Amino acid sequence: MDIFKETLKTFIVNIIKEEKKIDVSKPQAEKLIKNPPDESFGDYCFAAYYMQNYGFQGKPETAAADLYNLCIVRFGEIAGLFDKIEIKGAYVNFFVKREIFVSEVVKETVDSGSDYGRDVPEKPLTVAIDFSSPNIAKPFGVGHLRSTVIGMSLSKIYEFCGHKVIKINYLGDFGTQFGKLIEAFCRYEDIDFSEFEKDPVKVLYGLYVRIHKDEQTDLTVEEEAKNRFKTLEDFMSVNKRSFEEYLGAITDAVNTKKKSIDNANIPKTITLSEENKNFFCGTAEGQYNLWKIFRKLSIVEFKRIYKSIGIEFDVYEGEAESAEFSKDIKEILLESGIAEISEGAVIVNVKGIKAPALIAKSDGTSLYLSRDIVTAVSRMAKYNFDKMIYVVGSEQALHFSQLFGIFGILKEDAEKIKDVKNFKHYASMIDGRLVHVKFGRIIGMSTRKGNLVFLEDYIEEARLKAQEKLEERLKISEDNFFAEINDGGKKLTEGLEKLEGIRAITENVEKQSLIQEQKKEPAESEKNRIYLTSLKVGIGAVIFNDLKTRRTTDVNFNWDNVLSFEGQTGPYLQYTVSRINSLLKRLGVNETDLKNDAKSFSFSKNDTDFDDIFLIAKQIYGLKTALHSAVEQNEPSVLSSFALDLASHFNKYYQNHRLIGRDYDYVKPRIAVLVSVKTVLVSILNLLCIPILEKM
RNA sequence: GCGUUCAUAGCUCAGAUGGAUAGAGCAACAGCCUUCUAAGCUGUGGGUCGCAGGUUCGAAUCCUGCUGGACGCACCA
């Protein structure tokens with residue numbers, strides 16, 4: 001609750017009402033109050049341009065003067081919270097009482113802890129978020145990271161803002177590409193089956209690359225792949241459930257736990273081996289099993305990668321599941337006259353879009369648009385979502401506008417549709433609830449070998465760089481120590497105390513020999529710490545790089561930028577948090593005591609550090625606004641910018657004002673400020689999927 | 001050709017939905033570690049907001065045209 005803004009709003013609305021006899025509606029009142037671009041213009045302002053609508057006449061400056069005079073006369077009404085009012089050009093600027101402002105903000109933050117900024121919406125939404133959605137035929141590269149991380153972050157942001165979120169990973173486990181993969185497996189004689197055991201994904205990727213290369217010169221590849229895909233799809237549709245059964249089952253048992261796709265049975269007796277190749281390649285059933293095996297192997301691999309960067313899903317879905325019913329969709333759309341046949345294929349004309357939306361190929365096999373229709377309907381049945389977000393690259397914008405357009409038609413022409421177990425009901429309520437959260441491409445990302453960089457290699461590169469930097473820093477603190485030892489004037493005992501100090505901070509190699517209590521192998525544990533720290537830093541750098549810019553712009557990839565860890569980077573934020581941790585530790589802070597003391601914090605305007613504290617408080621105060629616009633725009637980068645600003649304000653403070661060695665009375669309220677900054681930074685790092693480090 | 005989208009400092013990007021003097025970070029240069037972690041801080045230089053019109057009291061932001069880039073446009077996903 002923004003008491004300052006609310007007070008000001010009431011104040012101004014009353015003035016307009018009583019002096020100018022004009023009523024101001026709530027949303028209009030909201031627009032009256034702005035935040036000035038510069039601190040010297042105060043904390044809130046009214047622009048006279050807006051006031052002209054409310055009976056303040058003349059030039060903007062005159063209108064501003066008019067308003068200003070009225071405000072001055074009635075200043076007593078807001079004097080409890082505001083310090084002064086100024087007029088500057090066409091603006092009337094308001095300055096808050098800073099001591100009150102700061103202590104209010106700090107109290108609220110310390111009180112609410114990790115819930116600070118959390119919102120309780122009047123009507124929480126159920127939001128389904130479809131993200132990451134890797135293609136099983138392709139390895140998990142950095143291209144997928146963007147969708148994964150944006151989607152995960154949005155999920156967390158929506159949840160933090162009080163909505164119910166369902167995180168969906170919609171696996172690309174179907175389509176002609178699988179025909180290609182199967183064809184590759186069957187075509188090449190020299191597949192290393194022992195390698196398949198060890199690193200299946202690598203082998204699959206090898207097949208993928210090879211078949212795409214051969215496709216350029218050998219025209220039979222595509223043809224064979226198509227045939228294989230058709231065989232696969234036909235085989236799968238032989239014993240399929242009816243569409244009625246499918247939708248019925250969802251409707252009847254929305255809450256029963258669905259069998260997860262990755263638990264799909266793979267017959268144990270059939271192993272992936274040279275001997276079984278005829279079975280896999282020669283029969284429809286064999287191809288089906290091969291597909292299952294490929295899919296299973298890939299999912300295991302994906303899950304491992306997700307775990308390593310802290311990503312998780314509520315549901316794994318697959319295209320194959322929807323593919324089962326894409327023919328039903330085709331028929332429903334044709335029967336109702338929504339779709340038509342053109343050049344042998346089934347299409348829908350969506351108004352406003354010239355390109356026809358392709359539902360099915362002329363050979364009868366399905367296309368992903370038809371599968372997406374099934375998926376959206378079944379999700380509506382399952383989750384009854386208010387909003388469904390697709391986090392998919394902007395190159396698929398046309399596809400989604402076609403998909404959304406089709407649901408527009410399904411709503412408008414609902415009468416025409418034959419109802420199949422509530423299909424009409426679900427399909428007609430989807431319109432207007434779908435959102436395509438698109439993002440730009442990553443340009444210029446490549447290795448020496450190919451153009452696809454594996455996520456793990458990418459992270460490892462960042463980790464190594466972080467480790468290098470960490471070791472360098474540890475060495476510097478050692479060097480400083482020895483430099484001091486050698487400095488003639490120093491006493492050795494003094495130096496030893498110092499050594500202990502330094503090593504306590506860094507937990508360096510010899511710490512264990514100074515304090516011979518722990519049983520662990522010192523070198524081992526230190527090595528481990530360095531590894532984990534640099535891994536977290538590396539992951540933080542990589543993830544932040546994808547979340548720091550607005551989604552829609554293409555990212556110009558630059559190794560130097562990602563690996564620099566300075567300035568506007570994830571590690572800068574991580575560093576700031578661990579710096580606060582270190583300081584709190586040195587100050588001997590007990591955070592629960594602090595909470596009990598929260599009511600007694602007070603700050604004095606006369607303290608030299610007050611202006612800097614005020615800036616920090618003001619930034620913290622902006623968290624709610626930032627969260628709102630992040631949700632409104634489906635844009636995590638709002639929070640990354642916010643966090644960078646906050647960290648920057650804090651680091652300035654840290655540099656300019658020392659706390660150790662001051663009186664407790666002086667330090668206590670400032671500890672609350674430290675805790676507030678840490679609380680907010682940690683919240684945001686969590687929302688951005690960036691690992692937090694106790695110390696760096 | 002049609003559609004979508006973008007163009008802001010040498011580089012990477014912000015710019016609160018049309019408002020006050022366009023801001024950061026890298027890089028460059030000059031400083032700050034016997035004092036809470038230098039992955040930090042301070043300072044300097046760096047701009048015709050792609051170009052040209054238009055709407056407006058007011059435009060980086062909205063409209064039109066042009067230039068240049070990216071992406072998409074019938075059986076891939």
Side-chain angles (χ1 to χ4, degrees), chain A residues 34-38 41 45 47 49-50 52 59-60 88-91 93 133 135 137-138 172 174-177 180 319 342-347 353-363 365 367-369 371 392-399 401 438 440-441 443 466 469-470 472-473 476-477 480 483-484 487 489-490 494 498 505-506 537 541 545 548-550 552-556 558 560-561 564-569 571-576 578-587 622 625-626 629 633 637-638 641 644-645 648 651-652 654-661 695-696:
Chain A
K34 299 270 177 181
N35 295 107
D38 190 282
F41 300 145
C45 67
Y49 318 110
Y50 297 103
Q52 288 172 328
K59 282 182 173 175
K88 191 169 171 109
Y91 291 86
N93 297 328
S133 303
N135 209 317
K138 297 175 196 164
F174 208 63
T176 313
Q177 49 178 334
K180 282 185 191 162
E319 271 189 276
S342 165
E343 296 174 32
V346 180
I347 65 161
I353 302 171
K354 278 189 178 175
L358 271 158
I359 301 293
K361 298 188 230 171
S362 47
D363 69 357
T365 54
L367 282 164
Y368 81 137
L369 185 53
R371 306 199 271 270
V392 180
S394 50
E395 63 270 15
Q396 291 198 37
L398 178 61
H399 169 253
S401 53
K438 51 190 157 196
R441 291 154 41 90
I443 298 166
K469 188 131 190 171
L470 184 56
E472 196 180 296
R473 288 178 58 197
I476 286 172
S477 52
N480 284 348
E484 277 171 39
D487 194 9
K490 302 272 173 187
E494 234 178 55
K498 183 91 193 183
I505 296 165
T506 61
V537 170
N545 187 57
K548 72 178 174 186
T549 60
R550 297 198 79 89
T552 42
T553 45
D554 292 344
V555 172
N556 277 303
N558 183 325
D560 291 342
N561 281 352
S564 87
F565 309 162
E566 277 162 29
Q568 299 170 334
T569 65
Y572 173 73
L573 297 177
Q574 294 170 316
Y575 176 71
T576 307
S578 52
R579 228 181 184 188
I580 295 173
N581 280 334
S582 161
L583 183 48
L584 288 175
K585 197 172 163 190
R586 297 212 145 209
L587 289 165
T625 316
S629 63
Q633 304 170 41
S637 75
V638 173
S641 303
L644 286 173
D645 285 343
S648 165
N651 279 314
K652 271 169 203 162
Y654 180 91
Q655 202 77 29
N656 295 327
H657 311 284
R658 300 185 55 78
L659 293 180
I660 288 193
K695 63 179 73 172
M696 273 172 80

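Naming convention: chains lettered A, B, ... in sequence-line order (proteins, then strands); numbering from 1 in each chain. The structure displayed is predicted, hence computed values, not measured ones.
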Sugar-phosphate only, base, or nothing, as touched by A:Thr569 at under 4.0 Å among non-hydrogen atoms | nothing
Between B:rA20, B:rA14, B:rA77, which nucleotide gets closest to the side-chain atoms of A:Tyr368?
-> B:rA77
Using the C1' atoms only, state how far B:rA38 lies from B:rC33, rounded to an integer number of Å.
-> 7 Å
Among B:rA24, B:rA14, B:rC36, which is the nearest nucleotide to the side chain of A:Leu659?
-> B:rC36
Check every atom of B:rC71, B:rG40, B:rA20 against the side chain of A:Cys45 and return the nucleotide holding the closest atom.
-> B:rA20
A:Asp363 near the nucleic acid: base, sugar-phosphate alone, or nothing, with a heavy-atom cut-off under 4.0 Å?
-> nothing
Could you tell me whether A:Leu398 contacts a base, only the sugar-phosphate backbone, or nothing, with contacts defined as non-hydrogen atoms closer than 4.0 Å?
-> sugar-phosphate
Separation of the P atoms in B:rA22 and B:rA60, to the nearest angstrom | 10 Å
How is A:Gln396 classified with respect to the nucleic acid when contacts are heavy atoms under 4.0 Å: base, sugar-phosphate, or nothing?
-> base
Using a cut-off of 4.0 Å on non-hydrogen atoms, how would the nucleic acid contact of A:Thr549 be classed: base, sugar-phosphate, or nothing?
-> sugar-phosphate
B:rA74 versus B:rC13 - spacing of their C1' atoms, nearest Å = 39 Å
Taken to the nearest 0.5 Å, the spacing of A:Ile660 CD1 from A:Leu583 CG works out to 6.0 Å
Taking the same atom, P, in B:rG72 and in B:rC63, what whole-Å distance lies between them?
-> 25 Å
Just checking A:Gly175: base, sugar-phosphate only, or nothing, at a heavy-atom cut-off of under 4.0 Å?
-> sugar-phosphate
Look up atom OG in A:Ser342 and atom CG in A:Leu358, then write down how far apart they are to the nearest 0.5 Å.
-> 8.0 Å
Report yes if the side chains of A:Lys469 and A:Met696 come closer than 4.5 Å at any heavy-atom pair, otherwise no.
-> no
Base, sugar-phosphate alone, or nothing: which one does A:Val537 contact when heavy atoms must sit under 4.0 Å apart?
-> base
Below 4.5 Å, heavy atoms only, C-beta onward: do A:Leu369 and A:His399 meet side chain to side chain?
-> yes
Are OP1 or OP2 of B:rA38 and a side-chain N or O of A:Arg579 less than 4.0 angstrom apart?
-> yes
If we only count heavy atoms from C-beta on, is the A:Cys45 to A:Asn93 side-chain gap below 4.5 Å?
-> yes
Can you tell if the side chain of A:Asn651 reaches within under 4.5 Å of the side chain of A:Arg579, non-hydrogen atoms only?
-> yes
Reckon A:Glu343 touches a base, only the sugar-phosphate, or nothing at all at heavy-atom distances under 4.0 Å?
-> base
Taking any strand in view, what nucleotide pairs with B:rG47 in a Watson-Crick or G-U wobble way, both distances under 3.5 Å?
-> none
A:Leu644 versus A:Leu573: any side-chain heavy-atom pair under 4.5 Å?
-> yes
Pairwise C1' distance, B:rA52 and B:rA59 [rounded to whole Å] = 15 Å
Syn or anti for B:rU44, taking syn as within 90° of 0?
-> anti
From B:rA14, B:rC76, B:rU37, nucleotide with atom closest to A:Tyr575 side chain | B:rU37
With sugar-phosphate meaning primed atoms plus P, OP1 and OP2, does A:Ala345 contact a base, only sugar-phosphate, or nothing at under 4.0 Å between heavy atoms?
-> base
Identify which nucleotide among B:rU35, B:rU37, B:rA74 has an atom closest to any side-chain atom of A:Arg658, counting heavy atoms from C-beta outward.
-> B:rU35
In whole angstrom, what separates A:Leu369's CG from B:rA77's P?
-> 10 Å
Minimum-distance nucleotide to A:Asn651 side chain [options: B:rC11, B:rC41, B:rU37] = B:rC41
Considering only heavy atoms and no angle criterion, is a donor-acceptor pair shorter than 3.5 Å present between the side chain of A:Ser637 and the base of B:rA14?
-> no
Using a 4.0 Å heavy-atom cut-off across all strands, classify A:Thr553 as base, sugar-phosphate, or nothing.
-> sugar-phosphate
Between A:Thr576 and A:Leu358, name the one whose nearest nucleotide on RNA chain B is closer to the 5' end.
-> A:Thr576
Base partner of B:rU56, which must satisfy Watson-Crick or wobble distances under 3.5 Å = none
Compare the minimum distances between each of B:rA77, B:rA38, B:rA70 and the side chain of A:Asp554, then state the nucleotide with the smallest one.
-> B:rA70
If we take the C1' atom in both B:rC6 and B:rC66, what is their distance in whole Å?
-> 16 Å
For A:Leu367, answer base if it contacts any base atom (sugar-phosphate contacts may also be present), sugar-phosphate if it contacts only those atoms, and nothing otherwise; contact means non-hydrogen atoms under 4.0 Å.
-> sugar-phosphate
Using centres under 5.5 Å plus planes under 30 degrees as the test, is A:Phe41 stacked with B:rA20?
-> yes
Any strand: nucleotide that pairs with B:rU67 via Watson-Crick or wobble, under 3.5 Å | B:rA7
Any idea which of B:rC2, B:rG40, B:rC76 is nearest the A:Lys354 side chain?
-> B:rC2
Which residue, A:Pro36 or A:Ile347, contacts RNA chain B at a nucleotide closer to its 5' end, judged by nearest heavy atom?
-> A:Pro36
Minimum-distance pair of heavy atoms, taken over all atoms of A:Tyr572 and A:Ser648 | OH-CA, 3.1 Å
Should B:rC33 form a Watson-Crick or G-U wobble pair with both distances under 3.5 Å, which nucleotide is its partner?
-> none
Re B:rC2: Watson-Crick or G-U wobble partner, both distances kept under 3.5 Å, found to be B:rG72
Quick one: does A:Asn93 reach the base of B:rA20 with a side-chain donor-acceptor pair under 3.5 Å?
-> yes
Between B:rC73, B:rU37, B:rA74, which one does the side chain of A:Pro356 approach most closely?
-> B:rA74
Pick the C1' atom in B:rG43 and in B:rU55, then give their distance to the nearest Å.
-> 43 Å
Would you mind telling me which of B:rA70, B:rA38, B:rU12 lies closest to the side-chain atoms of A:Asn561?
-> B:rU12
